[in-house]
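Both counts, for ligands and for their atoms, begin at 1 and track the order of listing.
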Amino acid sequence: MRLDYLTIFPDYLAPLRLSLPGKAVESGLLELHVHDLRSWTTDKHRTVDDTPYGGGAGMVMKPEPFGAAFDALEIEPGDTIVFTTPSGERFDQRVAEDLATRSRLVFACGRYEGIDQRVIDHARTRAEAREISLGDYVLNGGEVAALAITEAVVRLLPGFMGNAASLVEESHAAGGLLEYPVFTKPPTWDDRSVPDVLRSGDHGAIARWRHEQARRRTAERRPDLLAPSALADGTPIERAVPGDAGELMTLQRACWVQEAVANPGAPIPAFAESLDDVRAWLGEWDTYVVRRAGRLVGAVRGRLEPDGTTWDIGRVMVAPDVQGQGLGRALLEHVQAAAPAAATSYTLFTGAGSDRNQRIYKKAGFRLRTDLPAPPGAVVLVKQRSHA
Ligand code: ADE
């Protein structure tokens, strides 16, 4: 990957050569070029800013030096120009993953009140242009943002990190949760002991403990990350609460009347389960629900199996009157995304006679596994997780 930086403070970007990217430069994985924007000025004072049209406080960065720099750097359609600005899209791990797929990033670091809008419009005609903000606060300039974005992007490049697994397990990776607490030796320090489970050698128990800790931490510190994703029409997918038990049971019964017809003779748990049973499994499973007009119309649940690597998905349920609108597919996608980082495969059961369900699951990438045990009247479907 080639990285260019346009700045009026080239020294600000010196840490690029000291930190992790420094090593990647030596190994040839990265090419770094820091450019002084003032080298593309033409006046004696090397002016890069001027007063804003329409009045107002502060100064605006002039267009000509940027235009000349883009020419000199031979920006091409496959390149991506990143304007660091507090009014850009918010930077996060998804944006980092996206930028890591580019072959060349050109950072244009804004200062003062920003860059003349025509520079951004012009950049869009030559290459991909992204306006990116580090967060909801104002820095003195875009250089620190360019450094932070660089570090987040570069460590995702294949071959950059020694241990690719650490990319999967860390905070903000695919599972969408903050990372669980970590411990190292000694086992007791300052009268504080490492949790027993981590020293148990039981990998399944460790994975479940870590997932639970990550969930708890995320709920406390960043509830917005647990906040549900939404259906295409904006209807949220929410985490179920104990008070949903009654409606969940009603939804199950409605859905499983259909299942009983499709799978004659197969035991259908909804008809045997009590409200207390539903409350009990609500405590053990990550359950997600969709409400329309205050009524619970869809649900799905997932939990990590004792092996610590299989994410068990169950009870994709959609009320009969709203079936065929993509709700089941959205719930299935949601519960897969909610799996902890340790999960390497998804598994689910459906009725052996439920052709429609099996079609839906196969379309979502699940494969029928006749070699694996299934309850009477049911089949098991499995999908490998791809940590894309
Ligand atoms: N320049 C000034 N503030 C910024 C921010 N929050 N993100 C990116 N660039 C900036």
Side-chain angles (χ1 to χ4, degrees), residues 1-21 30 32-38 40-41 46-67 69-70 73 75 79-102 104-124 126-156 171-172 178 221-222 224-225:
M1 175 182 264
R2 175 176 166 152
L3 299 168
D4 290 273
Y5 301 83
L6 283 168
T7 171
I8 56 168
F9 293 117
D11 289 348
Y12 226 123
L13 297 164
L16 280 173
R17 304 203 174 270
L18 298 175
S19 62
L20 289 170
L30 273 186
L32 295 180
H33 302 272
V34 178
H35 311 276
D36 185 349
L37 185 68
R38 290 191 201 274
W40 287 287
T41 53
R46 309 182 84 202
T47 310
V48 290
D49 60 339
D50 210 331
T51 52
Y53 274 115
M59 301 290 271
V60 174
M61 294 188 86
K62 291 164 65 61
E64 304 94 320
F66 281 104
F70 292 161
L73 296 182
I75 307 263
D79 300 339
T80 297
I81 307 178
V82 176
F83 292 92
T84 46
T85 161
S87 46
E89 65 178 301
R90 176 109 139 242
F91 187 63
D92 65 12
Q93 193 66 18
R94 303 287 93 74
V95 178
E97 285 163 4
D98 187 24
L99 293 180
T101 65
R102 307 298 196 270
R104 186 186 189 194
L105 301 177
V106 179
F107 289 91
C109 304
R111 283 258 150 190
Y112 315 120
E113 291 306 306
I115 301 174
D116 188 302
Q117 180 60 37
R118 290 167 295 180
V119 174
I120 295 124
D121 297 342
H122 167 74
R124 290 221 158 88
R126 301 187 58 148
E128 180 192 32
R130 303 271 291 258
E131 293 176 84
I132 298 181
S133 167
L134 206 55
D136 295 338
Y137 42 81
V138 179
L139 304 165
N140 276 335
E143 284 76 8
V144 167
L147 280 175
I149 294 168
T150 300
E151 196 153 313
V153 167
V154 158
R155 60 195 296 288
L156 298 176
S171 294
H172 303 297
L178 300 182
R221 301 178 186 177
R222 293 290 308 278
D224 57 306
L225 294 180

Heavy-atom pair of closest approach, residues [X] and [Y]:
{"X": "Arg111", "Y": "Met61", "value": "N-SD, 3.2 Å"}
{"X": "Pro10", "Y": "Asp36", "value": "CG-CB, 3.7 Å"}
{"X": "Ala148", "Y": "Leu134", "value": "CB-CD1, 3.7 Å"}

Discussion item. One thing to verify: whether Glu128 and Arg104 come together as a salt bridge, which I'm taking to mean a side-chain N less than 4.0 angstrom from a carboxylate O.
Written reply: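 Salt bridge: no.
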Original post:
Hey, is Arg90 close enough to Asp92 for a salt bridge, meaning N to O under 4.0 Å?
Top reply: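 Between Asp92 and Arg90 there is no salt bridge, as every charged N stays at least 4.0 Å from the carboxylate O atoms.
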Rounded to the nearest 0.5 Å, what separation is found between the CZ atom of Phe9 and the CZ atom of Arg38?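 CZ of Arg38 is found 7.0 Å from CZ of Phe9.
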One pair per line, please: each N/O atom of ligand 1 matched with every protein N/O atom under 3.5 Å away, atom names first, then the distance to 0.1 Å.
from	atom 1	to	atom 2	distance (Å)
ligand 1	3 (N)	Leu139	N	2.9
ligand 1	6 (N)	Gly135	O	3.3
ligand 1	6 (N)	Tyr137	O	2.7
ligand 1	7 (N)	Leu134	N	2.8
ligand 1	9 (N)	Thr85	N	3.2

